[in-house]
Amino acid sequence: MTPSLRWRLVVPVKEAHLAKTRLVTPSRLSRPGLARAMALDTLESVCRALTPGDVIAVTSDEVVRHAADSMGVVVVADPGGGLNPAVQAGIGEAVRGATPRSGTAGLGVAVLLGDLPALRPGDLLVALAECARHDRAVVPDLVGTGTVLLTGTRGALPEPHFGEGSAHRHAELATVLTPDLPRLRQDVDDRAGLAAATALGLGPRTTSFLAQDQDRRAASSAVEKS
């Protein structure tokens, strides 16, 4: 990574009851509970890669706010209006304090979505090192249509245009990077994405949450055999 470049990274996290509406959870597991587990695993990996004080969680979910605060993450209230206003609020916090003289020339600002439960710290650092070579960069998800990472450096800031097909819109202003980092690029929007992330290896909170379903099945099987 460019030694003189300091990264500040924004992770927007929806209120859990509004998140992952396309995701059908196993058995009777709570969708909001799974969304929170994935978001917190993502945040934990980010905090192991970067200084927690340089990580900004934009959320109004009280559970996530409390957990992020305990990690040392800067928490910004979600202003409402959708993902793009939330990201803009985080970017505003990321550049807060930059002086007119220093500006943002030595600052890298990144946006990472909070549904990457297989993410490992090293994957993020490798991706940021590659992004640091470009004024603006975008890393699409493995399908190639969504965006998992959006960055700006050398005074350029990320311009968020999230939503369906966001990778194409971001590519109009940013260099498209497709690193061989499946744990970074495997987001979870539906059951297939969850299965793929599980095969890569989930973070501890998501693993523990999904284990409730396995425990329930085991208990049910034991009752049936008794």
Side-chain angles (χ1 to χ4, degrees), residues 1 7 9-14 18-26 31 34-35 37-39 41-43 45-46 49-50 55 57-58 82-88 90-91 94 108-154 156-203 206 210:
M1 189 178 299
W7 284 102
L9 188 144
V10 176
V11 183
V13 181
K14 283 185 179 181
L18 300 173
K20 298 300 163 192
T21 55
R22 289 191 288 136
L23 178 57
V24 178
T25 61
R31 175 179 52 80
L34 179 57
M38 293 193 298
D41 275 337
T42 303
L43 275 171
S45 288
V46 172
L50 303 176
V55 180
V58 184
L83 182 54
N84 290 309
V87 170
Q88 288 286 18
I91 292 172
V109 178
V111 180
L112 182 79
L113 295 195
D115 59 350
L116 307 173
L119 179 66
R120 298 295 182 267
D123 300 321
L124 177 59
L125 290 174
V126 169
L128 290 176
E130 190 169 345
C131 291
R133 302 187 182 101
H134 307 276
D135 289 350
R136 288 190 177 96
V138 55
V139 179
D141 59 19
L142 284 175
V143 176
T145 56
T147 300
V148 295
L149 180 64
L150 187 67
T151 65
T153 65
R154 290 180 283 276
L157 295 176
E159 295 194 15
H161 298 284
F162 288 96
E164 187 175 353
S166 66
H168 175 73
R169 291 189 296 278
H170 289 143
E172 295 178 0
L173 293 172
T175 301
V176 178
L177 304 176
T178 55
D180 184 19
L181 298 169
R183 291 185 179 87
L184 169 77
R185 298 179 61 196
Q186 182 58 68
D187 55 355
V188 176
D189 290 320
D190 52 28
R191 194 71 175 267
L194 181 60
T198 300
L200 291 168
L202 300 169
T206 310
L210 291 175

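- Side-chain contact between Pro179 and Val139 is present, with heavy atoms from C-beta onward closer than 4.5 Å.
- Smallest separation of non-hydrogen atoms from Leu200 and Gln186: CD1-CB, 3.7 Å.
- Taken to the nearest 0.5 Å, the CG atom of Leu113 stands 11.5 Å off from the CG atom of Leu119.
- Here CG of Leu157 is found 11.0 Å from CG of Asp135. Values are rounded to the nearest 0.5 Å.
- For the atom pair Leu116 CG and Asp123 CG, the distance stands at 10.0 Å (nearest 0.5 Å).
- Nearest heavy atom pair, residue Pro158 against residue Thr151, reads CG-C, 3.8 Å.
- Between Asp115 and the choices Asp189, Thr42, Asp41, the side-chain contact (heavy atoms from CB on, under 4.5 Å) rule is met once, by Asp189.
- When all heavy atoms of Asp141 and Arg185 are compared, the pair lying nearest together is O-NH2, 3.2 Å.
- Counted within 6.0 Å of NE2 on His168, heavy atoms from surrounding residues, nucleotides or ligands total 12 or fewer; the atom is thus considered open.
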- [ ] Check step by step if side chain to side chain contact (heavy atoms under 4.5 Å, CB included) holds for Phe162 and His170.
- [x] CA-CA 8 Å; Phe162 288 96; His170 289 143; 3.9 Å; yes

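- Taking CZ of Arg169 as the reference point, atom OG1 of Thr145 lies at 10.0 Å (rounded to 0.5 Å).
- Interatomic distance, NE2 of His161 versus OG1 of Thr147, reported as 10.5 Å (0.5 Å rounding).
- Here Leu149 contributes atom CG and Leu177 contributes atom CG; the two are 8.5 Å apart, rounded to the nearest 0.5 Å.
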Task: Check against side chain to side chain contact (heavy atoms under 4.5 Å, CB included), Leu34 and Leu194 - done: CA-CA 10 Å; Leu34 179 57; Leu194 181 60; 4.1 Å; yes

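- Put simply, the side chain of Leu184 does not reach to within 4.5 Å of the side chain of Val126, judged on heavy atoms.
- Residues Glu159 and Arg136 approach most closely at OE2-NH2, 3.3 Å, considering heavy atoms.
- When side chains are defined from C-beta on, Val188 counts as touching Pro117, because their heavy atoms get closer than 4.5 Å.
- Here the shortest heavy-atom pairing between Pro140 and Thr178 reads CD-CG2, 4.3 Å.
- Residue Trp7 comes nearest to Leu128 through the heavy atom pair CZ2-O, 3.5 Å, listed as atom of the first residue, atom of the second, then distance.
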